[in-house]
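Here's the structure, in structure tokens; my notes come after.
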Amino acid sequence: MYKSYKNGFTIVELIIAGAISVTMIGVGFSIVQIGLKGNKIDETQMGLSGSLNDTLDFILDEVKVGKRIIDDESDVKSLNSNCTYPNKGEFLFGIRLPDQALAKRDYIPEGIQFNLNQVECPIVYTLRESNNDERMPYSLVRYGPQYNEKGYYVSPSFEEFQETILLDGITSSAKYEKIVCPKGWGDIKTIRGISFCIDKFKKSIELQIEAEDPQSVDVNTKVRSLASTGGFSSIQDESQVSLISPESKDSQIPFCVGGSCCWLGVCLKSNKITYMIDRSYFMHQEYALHPNGSIVNGEWVQDNDRPYISPRINGKSLFLSSIDSLKQHINKLPTSDLMVDDKKIFIQIIAFSESSLYLFDYPDLRPQELTIENKNKALQFLDTIPIGAARIEPWYDICNSLESNSVGQIILLSASKPYTQEGSCIGREGSYYEIIDDYNRMTRSKTAMGSLIIDSISFFHNFCETSKNYYENKWLGLISSGAESVCTNIK
């Protein structure tokens, strides 16, 4: 009988072949998994490095457009006692910004004038523990002015400063190779994953950051990235340059960086200045009964559709705008350590309504030397002036200055008119305007003191000329009628 045989696998062979196949598939899967994990790590590494470099570039850009780097926490409040930053963070450093144009229209086409706003509070960088929605363990935080898509800061007001997370996942350990600081710079400062050093002029910085990103595929795996950068401020810092202009060598007229020291268009003509600022309720943002109108054919005409308003200047109330502008001006004045003895500046600030508040109070109301300490005191004083009554009486302070050889110039700002026009001044009775003008021309001008310069700034309303305001009152024009005095209207 013929027998036929068919080729095939035995059960043992099938089991062995299946085992080999499963093993090969497992090995292949492991290889693929390792590759995917490696790709994920590489991708995460690239993303982390990119975020880290973007953060360093951002900080460096702000250093470049800043005026000075702050490495002393106490300097944050040097221009404004209200300056602050989130207290849950550890202070790293700050950046003092120069005066800012907030929009393109702030630049005059001719390029010789700007409408600049002082940023009183610096940008502050801090390091704090990360929140639940941030990468652990620490986050780098920026606290400062916000900016629009064109790169302009939105507002210089510290009240509108906001907190921004620049980078999370900053490492807690400081065990990484540190940057080498240039010779002559300050010591390197390390706070966990951030190290930096600043030059002695507070203009340059070397900065290093280490960040990490834990991988979800392996809780024991952490991707780390370390990067560093360096940069310097390209903005002139007036506190580090001589403020003595060649033009002022034989004069007592103070000079600031680039020329004359001026406040709202009124320039200093003496080194003994008293600033008088209206703090009446008429300056308050809540006062909404200022007559509203315009000049038509040389005469003031009230707006029938909107006869009364609460005016704003540069987006601020009259009082806040005047305070901020005076702070900008005083901050630019040269302090005694930058001036020779006969060029030093002496100032007094008087905030008046029915009663007056003084920077340098009784018993000595004279202007005092502008030391660094007194400049800071002046800036803090301006921050704390309260609004007064709805009437002003500036006469005592003007008359008191008339006979003082410690006052060479008064700059008076007001948005209202005095409650009285006549009274007692330097021992005489009658019209204040006539007494002041007569004494200045006939008596004081013939002494070594010379005439008292009384410049005035009429804020919003034009009290320089009778026909230019609702009240037909030119009291500021009258007190500034001297040869060297001027009356300026700001609206």
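All residue numbers in this chain count up from 1 along the given sequence.
Here the straight-line distance linking atom NE2 of His461 with atom CG of Leu476 works out to 11.5 Å at 0.5 Å rounding. Distance CD1/Ile349 to CG/Leu357: 11.5 Å, rounded to 0.5 Å. Distance check: Ile454 CD1 to Ile479 CD1 gives 6.0 Å after rounding to the nearest 0.5 Å. The line from CD1 of Ile209 to CG of Leu166 is 8.5 Å long, rounded to the nearest 0.5 Å. Atom CD1 of Ile170 sits about 11.5 Å away from atom OH of Tyr138, to the nearest 0.5 Å. Note that CD1 of Ile347 and NZ of Lys377 are 10.5 Å apart. Values are rounded to the nearest 0.5 Å.
A ring-centre distance under 6.0 Å is not found for Tyr287 and His284. In summary, the aromatic rings of Tyr470 and His290 are positioned with their centroids too far apart to meet the 6.0 Å limit.
Not a single donor-acceptor pair under 3.5 Å links the side chain of Asn331 to the backbone N or O of Lys327. Listed for the Asn53 side chain is no donor-acceptor partner under 3.5 Å among the backbone atoms of Ala227. In this structure, Ser414 contributes its side chain and Ser416 its backbone to a donor-acceptor pair below 3.5 Å. For Asn292 (side chain) and Arg306 (main-chain N/O), a donor-acceptor pair under 3.5 Å exists by modelled atom type. Between the side chain of Gln409 and the backbone N or O of Lys269 there is at least one donor-acceptor pair closer than 3.5 Å. Formation of a donor-acceptor pair under 3.5 Å by the Lys203 side chain with backbone atoms of Ile235 is found in this model. Ser480 places no side-chain N or O within 3.5 Å of a backbone atom of Ser485 that could act as its donor or acceptor partner. A donor-acceptor pair is defined here as one N or O able to donate and one able to accept, closer than 3.5 Å; no such pair exists between the side chain of Ser233 and the backbone of Arg68. In terms of modelled atom types and a separation under 3.5 Å, the side chain of Asp75 and the main chain of Ile70 share no donor-acceptor contact. Gln208 places a side-chain N or O within donor-acceptor distance of the main-chain N or O of Glu177, the cut-off being under 3.5 Å.
Asp397 and Ser356 share a donor-acceptor pair across their side chains, judged by distance under 3.5 Å alone. In this model, a donor atom of one side chain and an acceptor atom of the other lie less than 3.5 Å apart for Ser195 and Thr190. Tyr281 and Ser353 share no side-chain donor-acceptor pair at under 3.5 Å. Checking Lys344 against Ser336 by side-chain atom types alone, no donor-acceptor pair falls below 3.5 Å. When only modelled atom types and interatomic distance are considered, Ser139 and Asp168 share no side-chain donor-acceptor pair under 3.5 Å. Between the side chains of Thr274 and Ser401, not a single donor N or O lies within less than 3.5 Å of an accepting N or O. Between the side chains of Asn374 and Glu369, no donor N or O sits under 3.5 Å from an acceptor N or O.
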Practice task
May I have the step-by-step check of side-chain contact (heavy atoms from CB on, under 4.5 Å) for Phe319 and Ile387, ending in yes or no?
Solution key: CA-CA 8 Å; Phe319 185 67; Ile387 289 292; 3.7 Å; yes
Handout entry: Stepwise side-chain contact (heavy atoms from CB on, under 4.5 Å) check, Thr84 with Phe158
Key = CA-CA 8 Å; Thr84 185; Phe158 66 90; over 6 Å; no
Practice task
Apply disulfide (SG to SG under 2.5 Å) to the pair Cys487 and Cys464, showing each step before the final yes or no.
Solution key: CA-CA 6 Å; Cys487 181; Cys464 297; 1.9 Å; yes
Handout entry: Residues Arg142, Ile123; criterion side-chain contact (heavy atoms from CB on, under 4.5 Å); working and verdict
Key = CA-CA 7 Å; Arg142 172 193 181 272; Ile123 297 169; 3.7 Å; yes
Exercise for the section: Quick one: do Arg366 and Val407 satisfy side-chain contact (heavy atoms from CB on, under 4.5 Å)? Show the steps, please. Expected result: CA-CA 7 Å; Arg366 295 176 300 174; Val407 184; over 6 Å; no
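Residue Arg128 places its CZ atom among more than 12 non-hydrogen atoms of other residues, nucleotides or ligands, all under 6.0 Å distant. The 12-atom threshold is not exceeded at CG of Asp187, counting heavy atoms of other residues, nucleotides or ligands nearer than 6.0 Å. Enclosure of atom OH in Tyr471 by more than 12 non-hydrogen atoms of other residues, nucleotides or ligands within 6.0 angstrom is indicated. Other residues, nucleotides and ligands contribute more than 12 heavy atoms inside 6.0 Å of the CD atom of Gln146. At most 12 non-hydrogen atoms from other residues, nucleotides or ligands lie less than 6.0 angstrom from CD of Glu129. Annotation for Tyr176: atom OH counts as buried by contact number, over 12 foreign heavy atoms lying within 6.0 Å.
Between Phe161 and Tyr143, the two ring planes are perpendicular [angle over 60°; tilted spans 30° to 60°].
Contact between Ile490 and Ile313 at its shortest, heavy atoms only, is O-CD1, 4.0 Å. Looking at every heavy atom in both residues, Trp475 comes nearest to Lys417 through NE1-CA, 3.6 Å. Between Pro386 and Arg279 the shortest heavy-atom distance is O-NH1, 3.2 Å. Nearest heavy-atom pair, Pro98 versus Val65, reported as atom, atom and distance to 0.1 Å: CD-O, 3.2 Å. Considering every non-hydrogen atom in both Phe282 and Arg391, the closest pair reads CE1-N, 4.2 Å. Here the closest heavy-atom approach between residue Ile188 and residue Cys197 is recorded as CA-CB, 4.0 Å.
Considering only heavy atoms from C-beta on, Ile59 comes within 4.5 Å of Leu140 through its side chain. Contact annotation: the side chain of Leu207 approaches that of Leu56 to within less than 4.5 Å [non-hydrogen atoms, C-beta and beyond]. Using a 4.5 Å heavy-atom threshold, the side chains of Glu210 and Leu52 count as separate. Taking 4.5 Å as the limit, every side-chain heavy atom of Ile273 sits out of range of all side-chain heavy atoms of Leu333. Considering only heavy atoms from C-beta on, Tyr308 stays 4.5 Å or farther from Asp303 through its side chain. Two residues are said to be in side-chain contact when any heavy atoms from C-beta on lie closer than 4.5 Å; Val76 and Pro122 meet this criterion. Proximity of Val63 to Phe232: side-chain heavy atoms (C-beta onward) are nowhere separated by under 4.5 Å. With contacts defined as side-chain heavy-atom distances shorter than 4.5 Å, the pair Leu412/Pro394 qualifies.
A salt bridge links Glu90 with Arg192; the closest basic N to acidic carboxylate O contact falls under 4.0 Å. With respect to the salt-bridge test (charged N to carboxylate O, under 4.0 angstrom), the residues Asp213 and Arg224 do not qualify. Between Asp71 and Lys189 no salt bridge is recorded (no basic side-chain N to carboxylate O distance below 4.0 Å).
With 2.5 angstrom as the limit on SG-SG distance, Cys83 and Cys121 come in below it.
Here ring-ring contact (aromatic ring centres under 6.0 Å, His included) pairs that include residues 349-375, with residues two or more places apart or in two chains, are Tyr358-Tyr362.
Of the options Asp324, Leu268, Leu264, a side chain to side chain contact (heavy atoms under 4.5 Å, CB included) to His329 is made by Leu268 and by none of the others.
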